Amino acid sequence: MAIIEKSLQAIRERITHAALNSGRMVASVRLLAVSKTWPSQALREAYAAGQAAFGESYLQEALEKVAALADLPLEWHFIGPIQSNKTRPIAENFAWVHSVDRLKIAERLAQARPETLPPLNICLQVNISGEDSKSGVAPEEAKILAHSIVGLPHLKLRGLMAIPRPTADIAEQRAQFRVLRKLFDQLNAEGLGLDTLSMGMSDDMEAAILEGATIVRVGSAIFGKRENPISN
Ligand SMILES: *Cc1c(COP(=O)(O)O)cnc(C)c1O
């Protein structure tokens with residue numbers, strides 16, 4: 001069996017175990033394959049092994065793959081930092097954006113989303129680690145932003161995304177994910193109707209699923225270690 005197919009199978013098993021350990025339905029956790037830095041052929045292989053949702057962080061690279069793989073019914077998620085002058089190609093080519101962290105970006109995405117496409121699914125990226133270097137809206141500002149975005153046309157606010165501070169300590173991983181989960185519960189108590197918690201990567205997906213992740217974003221555990229890892 002090809003390596004990517006094998007890795008995908010192993011990841012699906014990890015998701016299944018984590019969901020069962022959490023008393024959750026396996027189908028309540030979706031796998032987003034993070035394919036940044038990997039060539040189109042790797043995505044074709046993953047698709048042949050049953051994976052149709054892909055996450056990309058770098059727009060130019062992503063657009064090349066969207067074009068090269070136009071023959072496949074893929075679902076594209078943008079998960080990287082967004083420059084305000086790049087919102088149009090994002091609005092035109094992706095089904096989801098996980099990394100919205102300011103109103104201006106959301107407004108531009110709403111304006112540029114073609115009428116012929118379904119609403120663009122949006123997650124707010126929240127900076128739960130408090131590190132200045134990290135993108136994301138501060139948790140205390142996320143509520144105001146969420147309430148502003150929910151009224152915009154052509155967008156559907158689905159939930160929250162976070163990239164926690166890396167740590168091997170499972171309790172600390174869980175504590176960070178819990179911050180996002182609490183914010184999610186508070187926003188839903190305010191009537192926002194969110195259904196998506198985008199959290200958990202190759203090294204912390206079990207902790208994320210225990211804390212309620214509905215999308216895990218997994219790259220290196222599927223495709224291998226990236227040559228020039230650029231974190232964001
Ligand atoms: C690269 C990236 C991932 C995947 O990370 P891995 O550790 O390779 O699984 C997930 N989310 C975001 C936002 C990323 O940039």
Side-chain angles (χ1 to χ4, degrees), residues 3-4 6-15 17-18 29-39 42-43 45-46 49 51 53-63 65 74-83 86 90 94-102 105 109 121-129 131 133-137 142 158-170 172-174 176-177 179-181 196-232:
I3 291 174
I4 288 177
K6 235 183 179 153
S7 307
L8 272 170
Q9 205 171 72
I11 292 295
R12 291 190 194 114
E13 278 167 24
R14 281 175 65 185
I15 291 173
H17 279 126
V29 185
R30 287 188 75 197
L31 172 60
L32 180 65
V34 176
S35 43
K36 64 186 181 205
T37 78
W38 296 101
L43 286 76
E45 262 182 60
Q51 179 65 32
F54 293 93
E56 291 281 340
S57 299
Y58 312 112
L59 184 60
Q60 199 47 48
E61 178 197 335
L63 294 175
K65 287 181 219 176
L74 305 182
E75 183 180 275
W76 294 99
H77 295 231
F78 194 79
I79 63 174
I82 305 170
Q83 291 170 263
K86 299 288 171 57
I90 294 175
F94 289 80
W96 286 73
V97 181
H98 293 230
S99 43
V100 171
D101 63 1
R102 51 200 199 278
I105 295 291
L109 289 170
N121 296 296
I122 300 290
C123 292
L124 299 189
Q125 183 174 351
V126 182
N127 183 349
I128 53 173
S129 69
E131 293 167 280
S133 60
K134 289 278 167 72
S135 330
V137 62
R158 298 293 297 264
L160 305 177
M161 182 273 248
I163 306 171
R165 186 169 3 92
T167 166
D169 180 338
I170 308 247
E172 203 185 317
Q173 291 173 0
R174 290 190 61 173
Q176 293 192 74
F177 291 133
V179 171
L180 198 68
R181 171 57 188 260
T196 301
L197 267 174
S198 168
M199 58 188 196
M201 313 197 287
S202 294
D203 295 329
D204 57 13
M205 53 183 277
E206 281 82 2
I209 291 169
L210 280 164
E211 297 299 338
T214 66
I215 298 182
V216 289
R217 309 178 310 270
V218 179
S220 47
I222 296 171
F223 295 105
K225 212 165 151 17
R226 289 178 293 276
E227 286 282 310
N228 293 304
I230 313 169
S231 67
N232 53 58

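Each residue takes its place number in the sequence, starting with 1. For ligands, and for the atoms within them, numbers begin at 1 and follow the listed sequence. Note that the structure is predicted; figures quoted are calculated from it, not measured.
Aromatic ring orientation, Trp76 versus Phe94: perpendicular (interplanar angle above 60°, classes split at 30° and 60°). Ring planes of His98 and His77: tilted class, angle from 30 to 60°.
For atom 2 (C) of ligand 1, the candidate residues are Arg217, Lys36, Met201; the nearest heavy-atom contact is made by Lys36.
Interatomic distance, Ser7 OG to Glu45 CD, rounded to the nearest 0.5 Å: 10.0 Å.
Counting atoms of ligand 1 from 1 in the listed order, those under 4.0 Å from a heavy atom of Val218 are 9 (O). Close contacts of ligand 1 with Ile163, meaning ligand atoms under 4.0 Å from a residue heavy atom, involve 13 (C). Heavy-atom proximity to Ile79, at under 4.0 Å, picks out these atoms of ligand 1: 11 (N), 12 (C), 13 (C), 14 (C). Interface atoms of ligand 1 facing Gly219, defined by a heavy-atom separation under 4.0 Å, are 4 (C), 6 (P), 8 (O), 9 (O).
For the pair Ser57 and ligand 1, a heavy-atom separation below 4.0 Å is found. Taking 4.0 Å as the cut-off, His98 does not count as a neighbour of ligand 1 on heavy-atom distance. For the ligand labelled ligand 1, residue Asp203 lies outside the 4.0 Å heavy-atom shell.
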Apply side chain to side chain donor-acceptor pair (under 3.5 Å) to the pair Gln173 and Thr167, showing each step before the final yes or no. CA-CA 7 Å; Gln173 291 173 0; Thr167 166; 5.7 Å; no
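Between Leu8 and Ala49, the shortest heavy-atom distance links the atoms CD1-CB, 3.8 Å. Across every non-hydrogen atom of Asp101 and Gln125, the tightest pair is CB-O, 3.9 Å.
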